[in-house]
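Notes for the one structure printed next.
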Amino acid sequence: MLDLSFVRDNLELVKQKMRERGLADVLGDFEALDRERRKLLGEVESRRARRNKVSDEIASLKKRKQDASQLIAEMKPLSEEIQQLDEQAKACDERLREVLRIVPNVPHSSVPVGRGAEDNQEVRRWGEPRQFDFEPRAHWDLGPALGILDFERATKIAGARFAVYAQVGARLERALANFMLDLHTREHGYTEILPPFIVNSASLFGTGQLPKFQEDLFKLEGTDYWLIPTAEVPVTNLYRDEVLEAEKLPVKHCAWTACFRSEAGSYGKDTRGIIRQHQFQKVELVKFTVPETSYDELESLTRDAETILQRLELPYRVVALCTADLGFSSAKTYDLEVWLPAAREYKEISSCSNFEAFQARRANLRFRRSKAGKTEFLHTLNGSGLAIGRTWLAIIENYQQADGTVIVPPALRPYLDGLERITRQT
RNA sequence: GGAGAGGUGGCCGAGUGGCUUAAGGCGGCGGUUUGCUAAACCGUUGUACGGUCAAAAGCUGUACCCAGGGUUCGAAUCCCUGCCUCUCCGCCA
């Protein structure tokens, strides 16, 4: 959420930035609502001031056992007026807040201006896509052939966009989670969190999924509980309504969770394989920082995520999302895209974002520079480190051999009892 | 699921309709005393949204005692609804 007075004082800038996102009208009648709200506030507050004053007079008259009935009679219509004006002011305030709740973050000045995904800018590449002397197969062929991935039974027990991992396939998923968590906790200084996979709507509002993106989520019927679409939600909300001490920042957490997404509106997209599932696992990196370091922290968070791909020796590139492709809450985002040889393309495997104070304002995440100082909103960042299902399939595809077996990347072997090659499971 | 007890400032905790602009304490900040530290003593204390101002400071107004309604000239206080926490019982990995 943007700051009300920031929007008021920088209206043209905000409008321009929204146009760059491709959202010309998102501010609606902000100006008129803001003016109206301030007018009503003034009217209701001056009447309240009068009521408070006269109430004191009534009290002192009564204390002296004098008659206050005339003043009380005078106050009755004033109270009704206050109630009416207050209702108008509240309605106006609510409409203004509704506008603010659906206005996305202002893109950082370094974000490339663009009209769609084609305007995203490649920042760097790492690794050379392997040259195959045979036609590389997609994971949805290799996985079932190896007996480590089963779509048919997943469809039976749940439905489309689910998968069953079997035997060494299941173990590979678990190994990847441990490998990622160990790396980030031991070498990158993140402390591990295992949060609830179910959250309330206040948490989803805090990170920006609600109220606008309800249809992307699974809700538990008859409750205020939702399945998390990413660990970003519970972990960012850990310190909601708290004041952190500046010297403790940055706070860096990593968390492994399952993630659940309804994928409404993506029918027909990535329908084969495990690229786009209703349930997947992810290790998430989350940072809480002071405002002046958040862009440095975005660079290092992105590099922390890249390290996973480098250790697994998977070729990838880093892409800076343009204004049109930027997520709702984000001020700047780098996507990591891993090379998929069967499709011959780079595919998103991580998204690293700086939200500046956008989520902090929604979730009331504050810090204090000194014990006597004022509280300020901190900055939040997060990134996948990495999406485990997509890492799994990237390994299967990039390390496949002509005979259909898969070499295990050396960095992962300690997590699989030294296993060097995935062969057909029986 | 059943029974009960609660929710007050950064924290603890008083407060049964108007001398409460929320007592008192802790903590924080400033000061006095002190060779230093500690102690003692004195003062001070939150958030949000408005107004004033070129702006800041300052001044000023309103709101905030879990949330939302209601009663009343006036609500932390009385009434209703909801949420949350704790204790005990039941069920349960």
Side-chain angles (χ1 to χ4, degrees), chain A residues 1-11 30-101 194 196-206 210-211 219-220 222-226 234 237-249 258 357-358 360-378:
Chain A
M1 194 156 57
L2 299 176
D3 180 63
L4 174 65
S5 54
F6 173 82
V7 178
R8 183 189 301 145
D9 297 340
N10 300 277
L11 197 60
F30 172 88
E31 281 175 274
L33 282 172
D34 183 47
R35 254 198 314 275
E36 176 74 2
R37 170 178 167 276
R38 280 189 284 171
K39 178 172 154 264
L40 286 166
L41 271 184
E43 288 176 11
V44 74
E45 285 182 359
S46 63
R47 282 169 177 75
R48 276 221 178 91
R50 169 149 170 76
R51 183 178 71 183
N52 289 343
K53 193 160 164 274
V54 176
S55 282
D56 282 347
E57 287 169 22
I58 292 172
S60 77
L61 281 178
K62 289 211 162 184
K63 203 166 357 132
R64 284 179 276 138
K65 308 275 185 210
Q66 293 177 356
D67 178 44
S69 56
Q70 195 189 331
L71 282 178
I72 289 172
E74 275 174 34
M75 281 302 96
K76 193 147 186 146
L78 184 66
S79 274
E80 279 164 20
E81 239 178 281
I82 287 171
Q83 188 153 11
Q84 279 182 9
L85 282 168
D86 195 43
E87 273 168 31
Q88 290 176 41
K90 274 187 178 166
C92 191
D93 192 60
E94 187 49 36
R95 275 185 292 159
L96 190 67
R97 272 170 210 291
E98 267 167 36
V99 171
L100 277 185
R101 277 197 287 260
L194 180 59
F197 294 4
I198 294 174
V199 293
N200 55 34
S201 44
S203 296
L204 286 157
F205 178 78
L210 290 181
K219 184 168 193 190
L220 301 187
T223 69
D224 185 41
Y225 288 147
W226 309 68
N237 278 280
L238 264 184
Y239 305 113
R240 191 168 78 222
D241 297 321
E242 293 187 30
V243 180
L244 305 182
E245 292 167 37
E247 58 265 33
K248 297 216 170 120
L249 300 175
F358 189 85
R361 235 173 260 119
R362 295 168 83 96
N364 195 25
L365 294 161
R366 292 166 298 164
F367 76 101
R368 211 193 300 270
R369 291 182 194 274
S370 69
K371 297 220 164 166
K374 283 184 83 78
T375 58
E376 299 171 50
F377 290 116
L378 46 74

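All figures in this text were calculated on a predicted structure; none of them were measured in a lab. All heavy atoms count here, side chains included; hydrogens, waters and symmetry mates do not. Labels below follow one simple rule: chain letters A, B, ... track the order of the sequence lines, proteins then strands, and each chain is numbered from 1.
- Spacing between B/G30 and B/U21 at atom C1', rounded to whole Å, works out to 23 Å.
- One side chain, A/Asn200 or A/Ser203, offers a donor N or O that lies under 3.5 Å from an acceptor on the other.
- Between the P atom of B/U71 and the CD1 atom of A/Ile82 lies a distance of 15 Å, rounded to the nearest Å.
- In this structure, the CZ atom of A/Arg47 is 17 Å from the C1' atom of B/A63, given to the nearest Å.
- Taking atom CG on A/Asp86 and atom C1' on B/G68, their separation rounds to 13 Å, with Å as the unit.
- Candidate nucleotides B/C49, B/C73, B/A63 were compared by shortest atom distance to the side chain of A/Arg48, and B/A63 ranks first.
- Where A/Arg38 and A/Asn52 each meet RNA chain B at their nearest nucleotide, the meeting point lying more 5' is that of A/Arg38.
- Taken from CD in A/Glu247 to CZ in A/Phe367, the straight-line distance is 11.0 Å, to the nearest 0.5 Å.
- Pairing for B/C73 is with B/G18, a Watson-Crick or G-U wobble pair whose two hydrogen-bonding atom distances lie under 3.5 Å.
- If you check every strand for non-hydrogen atoms under 4.0 Å, A/Glu80 touches nothing.
- The shortest distance between the side-chain N/O atoms of A/Lys53 and the OP1/OP2 oxygens of B/U21 is not below 4.0 Å.
- In this structure, CG of A/Asp241 is placed 14 Å from C1' of B/C64, rounded to the nearest angstrom.
- Residues A/Phe30 and A/Leu4 form a side-chain contact, since some pair of their non-hydrogen atoms from C-beta on lies under 4.5 Å apart.
- Contact between the side-chain N/O atoms of A/Ser60 and the OP1/OP2 oxygens of B/G18 is not found at any separation under 4.0 Å.
- No hydrogens or angles considered: a donor-acceptor pair under 3.5 Å links the side chains of A/Arg366 and A/Asn364.
- The C1' atoms of B/U62 and B/G70 are separated by 22 Å, rounded to the nearest whole Å.
- The only option from A/Lys76, A/Arg47, A/Arg48 that meets the salt bridge (charged side-chain N to carboxylate O under 4.0 Å, His left out) definition with A/Glu81 turns out to be A/Arg47.
- Across all strands shown, nothing is found opposite B/C65 as a Watson-Crick or G-U wobble partner with both distances under 3.5 Å.
- Atom P of B/U47 sits at a distance of 22 Å from the matching atom of B/A55, rounded to the whole Å.
- Here B/C36 sits opposite no nucleotide as a Watson-Crick or G-U wobble pair (both hydrogen-bonding atom distances under 3.5 Å).
- Closest to the side chain of A/Glu45, from the set B/G74, B/G18, B/G50, is B/G50.
- At the heavy-atom level, A/Leu71 lies nowhere under 4.0 Å from the strands shown.
- Inter-residue side-chain proximity for A/Arg50 and A/Val54 is flagged as met; some heavy-atom pair is nearer than 4.5 Å.
- Straight-line distance from the CD atom of A/Glu81 to the P atom of B/U62: 17 Å, rounded to whole Å.
- B/U52 is paired with B/G58 under the Watson-Crick or G-U wobble criterion, all donor-acceptor distances under 3.5 Å.
- Ranked by how close their nearest RNA chain B nucleotide is to the 5' end, A/Lys76 and A/Ala49 are led by A/Ala49.
- An OP1 or OP2 oxygen of B/C73 is reached within less than 4.0 angstrom by no side-chain nitrogen or oxygen of A/Arg51.
- Shown here, B/C26 forms a base pair with B/G10; the pair counts as Watson-Crick or G-U wobble because both key distances fall under 3.5 Å.
- Atom P of nucleotide B/U62 and atom CG of A/Asp56 are separated by 10 Å, given to the nearest angstrom.
- Nucleotide B/A3: paired with B/U87 (Watson-Crick or G-U wobble, both distances less than 3.5 Å).
- Here A/Arg8 lies in heavy-atom contact (under 4.0 Å) with sugar-phosphate atoms only.
- Within 4.0 Å of A/Lys90, counting heavy atoms only, lie sugar-phosphate atoms of the nucleic acid but no base atom.
- Using a 4.0 Å heavy-atom cutoff across all strands shown, A/Leu78 reaches no nucleic acid atom at all.
- A/Leu85 has its CG atom 20 Å from the P atom of B/G61, to the nearest Å.
- Under a 3.5 Å cut-off, the side chain of A/Asn237 and the backbone N or O of A/Arg240 do not form any donor-acceptor pair.
- Phosphate contact (OP1/OP2 of B/G70, side-chain N/O of A/Gln83, threshold under 4.0 Å): present.
- Only the P atoms considered, B/A54 is 28 Å distant from B/A63, to the nearest whole Å.
- Here, B/G15 and B/U20 have their P atoms 15 Å apart, quoted to the whole Å.
- For the C1' atom pair drawn from B/G4 and B/G9, the interatomic distance equals 29 Å after rounding to whole Å.
- Using atom P as the reference point in both B/U34 and B/A38, the two lie 16 Å apart (nearest Å).
- Remark: the separation of the C1' atoms in B/G90 and B/G1 is 8 Å, to the nearest Å.
- Atom-to-atom, CG of A/Leu40 to P of B/A63 comes out at 16 Å; the value is rounded to the nearest Å.
- One distance of note links CD of A/Glu87 with CG of A/Leu85; it measures 10.0 Å at 0.5 Å rounding.
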